[in-house]
Novice: 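Below is a structure I'd like to ask you about.
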Number of protein chains: 2
Amino acid sequence: MPKVRLALAQTNPVVGDIDANSNLAFEAVVAAAKAGADLVLFGEMAITGYPIEDLAARESFVRQAETAVQDLALKLQAAGHGEIAVVIGHPALATQRETHNWAIAQNCASVLLAGKTVGKYAKHHLPNYSVFDEYRIFVPGNDLLTFEFKELKFATLICEDIWQKGGPVAQLQNSNTDVVLVLNGSPFEIDKDDKRFELVRDLANSSSAAVAYVNLVGGQDDLVLDGDSLLVDSSGKLIGRAAQFESDLVLFDVESKSQIDAVTTARVKKTDDLAQIWNALVLGLRDYVEKNNFKSVILGLSGGIDSAVCAAIAADAIGADRVFGVSMPSKYSSDHSRSDADDSAERIGLNFRTEPIADFVSVFENQLGLDGIAAENLQARMRGVILMGLSNAEGHLTLTTGNKTELAVGYSTIYGDSVGGFAPIKDVEKTLVWKLAKWRNELAEASGQTSPIPENSISKPPSAELRPDQTDQDSLPEYELLDELLDAYVERRLGRDEILKLGFEAAVVDRIISLVDRAEWKRRQGAIGPKITGMAFGRDRRLPITNHSHSK
Amino acid sequence: MPKVRLALAQTNPVVGDIDANSNLAFEAVVAAAKAGADLVLFGEMAITGYPIEDLAARESFVRQAETAVQDLALKLQAAGHGEIAVVIGHPALATQRETHNWAIAQNCASVLLAGKTVGKYAKHHLPNYSVFDEYRIFVPGNDLLTFEFKELKFATLICEDIWQKGGPVAQLQNSNTDVVLVLNGSPFEIDKDDKRFELVRDLANSSSAAVAYVNLVGGQDDLVLDGDSLLVDSSGKLIGRAAQFESDLVLFDVESKSQIDAVTTARVKKTDDLAQIWNALVLGLRDYVEKNNFKSVILGLSGGIDSAVCAAIAADAIGADRVFGVSMPSKYSSDHSRSDADDSAERIGLNFRTEPIADFVSVFENQLGLDGIAAENLQARMRGVILMGLSNAEGHLTLTTGNKTELAVGYSTIYGDSVGGFAPIKDVEKTLVWKLAKWRNELAEASGQTSPIPENSISKPPSAELRPDQTDQDSLPEYELLDELLDAYVERRLGRDEILKLGFEAAVVDRIISLVDRAEWKRRQGAIGPKITGMAFGRDRRLPITNHSHSK
């Protein structure tokens, strides 16, 4: 018999729904108990969901979370599971508040046993970069927590704590800990699984302990927590991973820090990048829909690649019967646009209708006398009004189908094609949209299913079709070049001179930098969508609208 | 002859425009030199504007700012002003960066003399609450800076440093400093002038030194830096204030820390609250327009109080000849709406036209068969399309006229009346809109001018007029009550039970909390507008969209 059977409980809590999340935790412990677990480890803030943002500054909310943790301990004890140690994340009021009374809470992990809280750890390192604002809402902790349980010594850490060399990671070095329990709320990013594994392995090495890493799973607004919990022994060897993008419960028998076996058949191999990205986009959309109680989604189908990919993501997320597509051709729409939109709808099997916009456009043009850009935008806005009208009348969530490259340079009409509550591919650059489309079609073909994205939508030159014979490349550089340039300016934050050194033409650089800066006001008013890169538009990249730094 | 003639240079820099801001600083020193100044003190980040947000994470930008400071010192020396000491705020690269390479800079004040930087101070306390994210982008400083100049001892502090008791404020206590120089980028909030004065007086008392407090002035996106720089002697006595909401240069003769005279006729009295709020809204709009190079603004005039007040603010900000009003009556618009809109336009003297929406609405209703809320929203969206069409065709900035109460409960149509790049009264609750309207009319009347806001727009019951005989109070509580309730939930962050204890009806509380939470997705896509309260919607209040904390 092993000393400790350890369960990693990878749950999908809903932000703010303390009662439901506590029930979820209770049920996970019951399931783990049935599987013989002695200790159950949950993710960061599993009681409240993550991130809770300024809910952490609402005192009554934090008190409820604390009460829920106590109640969970009592309920487990009453149900005969008091002998199981449970480690779970939640906010708790700090004894000392920040001067302005903003950060009043701490980001904590409590150890529950026999109906009581027997230990509490407060996160030491508070991430305050990228999408994270934890220094705003939390007071940092100072003390290490270790506890003995069934002849093994455990320690707890929370997420950012293991990304920093100082503090608790340093303190653990000579602590004789057997297993470090790490609670995480770590959002998906391309290649982050590798980074996390490295950090966990480094921690195993530096602390000479096994490391159990539990991440939450689920979409929360613009973040996708991808699960992918894992366990390594004290030599840094991977013993197993939980599922990625799904709730999971995996168990390990811990005889000693260097002798650990997977009880369940735990995954060891990582999934390939395109599959991970697609699954992140699917989960992000699904959870936004389900957690906000939408019955269905609606989107415009133009026949182009972006809307075709969004429709396929939506069908994978919630089923084609809950997806409503609308073709809204204008007088500039080509025959292939119409037929590609039809084809996309048919391949996926979604609900489809056509609403031509000619009558709408002409009544506006006649009364207001618009032409040029104003008339082009008008067409996009007519489509926006149609989608929002149908959304209001029928209760659909409207999806906006713009990609990251478009959003970067402002190649969209505000209040037109940008309307909607969720933007499934807002963090996917155009060249990656194509790759994902091909990958998804190949996946379908490999299993003998209809590929969901029309081949023609992938292969034809992209066009907004707002005037005759228009293509995107009339006004933008080739997408391969554009995405590289945007990577330098947006993701790597290089200045003009540094970008010129990479070999781009000055005129192109100046034009694109100016477009990106000038589109900031539109991006601020854009829908949220799942972050998949290291620098998503939104709270990941915070720049002024009024900003004269363009030219330097 | 006094020991030091001290100039407070209250400038209005443009974020990112390092060249222009450096010139502004140069000219201010030249003007101060003509007035006999020995030392010129600028505001926080006067070289780059404030706040620069993630521009601080762009290394090339920070380097430019550092170079600009060196160049300024050389240019002043070359112009024969090398003997003047200049203290100015700017970012500088930190020697040690934050782990994730996000915070790479410090928020600094440099002392320039004889063509060189002779001292540099890095801000110690980094505000990371409310609208501030400085811990995200700056590395905190540790060292106090004091310097001797013309027989007096000076020290420098930056903004948040004086809001915290520990750190440099404590270090100053026994430093024998004569004058503490405080560089600020402090945004306007109702009553903040009193708070600042108290802090400055407390600092004078604790450090036994005179305190010179220079604040920037100018609108920057959603913030209004209001100037109102001031100087107190070591007894805490106010010697004088600079202008509020305008650039200014005020001079003081400092014989000793307790013997200081105003050279210019410096203001001592504070302005009353409604005047301050109005002026903040006017400056916020003016600077957004001017700094973003808009020639004109356009807005819908409904005959209601909100649009009438916005039109008056716009005219005060940039002149009535640059304001374009559009009346867009529907079949539900009352006669008084049309005549009040006409009256508003005429009183202000703005450019005015009428675009009835009946034809637009009917073509949509006919093709899509919309009714109920969908049809109500459609009317608002037709107006949005008209305003944006005219904006695109004629180059106006579109103003959206929603007030804070409306935004709180989601009483607006997204992509309809919410369209626009700037929202002049988004942080003004409805009851305050009425007070401001009356105040502005009285101001006009007191000086024999036409009152800009129609009396009828102020006195009639508010209505969206999206269906027959509708008034706001059909679906919302009385505004007096609603604003009180919102104050409890939004501004004071109370939970349901705490609000019930204040004596509100449970049904009303539940309904309003639910409306506020459910409108979060719309607010996220709303235009920016000037913050005037302690809790503005936008980056001041960060809550999840997916949020099930409603009921508690």
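Quick note on labels: first sequence line is chain A, next is B, and so on, each numbered from 1.
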Novice: Pick from A:Ala393, A:Ala374, A:Ala375, A:Gly384: which one has the most heavy-atom pairs with chain B under 4.5 Å?
Specialist: A:Ala374

Novice: Can you tell me which of A:Ile373, A:Asp371, A:Ile137, A:Ile386 forms the most heavy-atom pairs within a distance under 4.5 Å of chain B?
Specialist: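 Of the options given, most contacts go to A:Ile386.
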
Novice: For A:Leu543, which atoms come within 4.5 Å of any heavy atom of chain B: side chain, backbone, both, or neither?
Specialist: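 It is both, since atoms from each part get that close.
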
Novice: Using non-hydrogen atoms and a 4.5 Å limit, figure out which bit of A:Asp540 sits close to chain B: side chain, backbone, both or neither.
Specialist: both

Novice: Is it the backbone or the side chain of B:Ala527 that comes under 4.5 Å from a heavy atom of chain A, or both, or neither?
Specialist: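 For B:Ala527, heavy atoms of backbone and side chain both lie under 4.5 Å from chain A.
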
Novice: Which bit of B:Leu368 is near chain A, if near means a heavy-atom gap under 4.5 Å: side chain, backbone, both or neither?
Specialist: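 Interface part for B:Leu368: side chain.
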
Novice: Which atoms of B:Val419 are under 4.5 Å from chain A, going by heavy atoms: the side chain, the backbone, both sets, or neither?
Specialist: both

Novice: Examine whether an atom of A:Arg539 lies under 4.5 Å from a heavy atom of chain B, and if so say whether it belongs to the side chain, the backbone or both; otherwise answer neither.
Specialist: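 For A:Arg539, backbone heavy atoms alone lie under 4.5 Å from chain B.
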
Novice: Would you mind checking which part of A:Ser130 comes under 4.5 Å of any heavy atom in chain B, side chain (CB onward), backbone (N, CA, C, O), both or neither?
Specialist: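 Both backbone and side chain.
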
Novice: Applying salt bridge (Lys or Arg N to Asp or Glu O under 4.0 Å), can you list everything that pairs with A:Glu376, at least two apart in sequence or on another chain?
Specialist: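 Applying salt bridge (Lys or Arg N to Asp or Glu O under 4.0 Å) to A:Glu376 gives A:Arg467.
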
Novice: Search all heavy atoms of B:Arg58 against all heavy atoms of A:Leu494 and return the closest pair with its distance.
Specialist: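 Here B:Arg58 and A:Leu494 meet closest at CD-O, 4.4 Å.
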
Novice: Relative to chain A, which of B:Met382, B:Arg518, B:His125 shows the most heavy atom pairs under 4.5 Å?
Specialist: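 Option with the greatest count: B:Met382.
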
Novice: Please classify the contact of A:Pro127 with chain B as side chain, backbone, both or neither, using a heavy-atom distance under 4.5 Å.
Specialist: neither

Novice: Measure the shortest side-chain to side-chain distance between B:Val15 and A:Thr546 over non-hydrogen atoms and say whether it is less than 4.5 angstrom.
Specialist: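 Of all side-chain heavy-atom pairs linking A:Thr546 with B:Val15, none is under 4.5 Å.
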
Novice: Name the member of B:Pro356, B:Gly219, B:Gly49, B:Ala103 that forms the most heavy-atom pairs with chain A at distances under 4.5 Å.
Specialist: B:Pro356

Novice: Would you indicate whether the side-chain heavy atoms of A:Gln367 and B:Glu355 approach each other to under 4.5 Å?
Specialist: yes

Novice: How about A:Gln164 and B:Thr99: does a side-chain donor come under 3.5 Å of a side-chain acceptor?
Specialist: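 Indeed, the side chains of A:Gln164 and B:Thr99 share at least one donor-acceptor pair under 3.5 Å.
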
Novice: Checking A:Tyr415 side chain against B:Gly420 main chain: does a donor-acceptor pair fall under 3.5 Å?
Specialist: yes

Novice: With a 4.5 angstrom heavy-atom cut-off, is it the side chain or the backbone of A:Ala56 that approaches chain B, or both, or neither?
Specialist: neither

Novice: Considering only heavy atoms and a distance below 4.5 Å, find which of A:Ala20, A:Ser418, A:Gly389, A:Ser391 pairs most often with chain B.
Specialist: A:Gly389

Novice: When you measure from the side chain of B:His548 to the backbone N and O of A:Lys291, does any donor-acceptor pair fall under 3.5 Å?
Specialist: yes

Novice: Answer whether the closest heavy-atom distance between the side chains of A:Ser549 and B:Gln64 falls below 4.5 Å.
Specialist: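 The answer is no; the side chains never approach within 4.5 Å.
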
Novice: When you check the side-chain N and O atoms of B:Arg381 and A:Asn392, is any donor under 3.5 Å from an acceptor?
Specialist: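 Looking only at side-chain atoms, A:Asn392 and B:Arg381 do form a donor-acceptor pair, the distance falling under 3.5 Å.
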
Novice: With a 4.5 angstrom heavy-atom cut-off, could you sort out which part of A:Leu378 is near chain B: side chain, backbone, both or neither?
Specialist: side chain

Novice: Taking B:Ile545's backbone N and O only, do any of them form a donor-acceptor pair with A:Asp221's side chain (distance below 3.5 Å, no angle check)?
Specialist: yes

Novice: I'd like to know which of A:Val385, A:Ile528, A:Leu370, A:Leu390 tops the heavy-atom pair count under 4.5 Å against chain B.
Specialist: A:Val385

Novice: Is A:Ile414 close to chain B through its backbone or its side chain, or both, or neither, when contacts mean heavy atoms under 4.5 Å?
Specialist: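 For A:Ile414, the contact with chain B is made by the side chain alone.
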
Novice: Testing the basics here: between A:Gly495 and B:Ser60, what is the closest heavy-atom pair and its distance to 0.1 Å?
Specialist: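 That would be CA-OG, 3.2 Å.
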
Novice: With only heavy atoms counted, which part of B:Asn101 is less than 4.5 Å from chain A, the side chain, the backbone, both or neither?
Specialist: backbone

Novice: May I ask you to test the B:Met388-A:Asn377 pair for a side-chain heavy-atom distance under 4.5 Å?
Specialist: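 Answer no - side chains too far apart.
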
Novice: Which bit of A:Glu498 is near chain B, if near means a heavy-atom gap under 4.5 Å: side chain, backbone, both or neither?
Specialist: side chain

Novice: Based on non-hydrogen pairs under 4.5 Å, which of A:Phe132, A:Tyr135, A:Phe61, A:Trp521 is most in contact with chain B?
Specialist: A:Tyr135

Novice: Could you look at B:Glu160 and say if it's the side chain, the backbone, both or neither that has a heavy atom under 4.5 Å from chain A?
Specialist: side chain

Novice: Determine, for A:Asp133 against B:Arg542, whether the closest basic-nitrogen to carboxylate-oxygen distance falls under 4.0 angstrom.
Specialist: yes

Novice: Nearest 0.5 angstrom please: B:Arg541 CZ to A:Glu53 CD, how far?
Specialist: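 Interatomic distance, B:Arg541 CZ to A:Glu53 CD, rounded to 0.5 Å: 11.0 Å.
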
Novice: Identify the residue among A:Glu98, A:Arg136, A:His100 that makes a side-chain hydrogen bond (donor to acceptor under 3.5 Å, both in side chains) with B:Tyr129.
Specialist: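 Exactly one candidate clears the test, A:His100.
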
Novice: Under 4.5 Å from any heavy atom of chain B, what part of A:Val363 do you find: side chain, backbone, both or neither?
Specialist: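 Contact with chain B: backbone and side chain both.
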
Novice: Heavy-atom cut-off 4.5 Å, strictly under: side chain, backbone, both or neither for A:Glu365 against chain B?
Specialist: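 Contact with chain B: none, neither part.
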
Novice: Closest heavy-atom contact between B:Pro544 and A:Gln220?
Specialist: CB-NE2, 3.4 Å

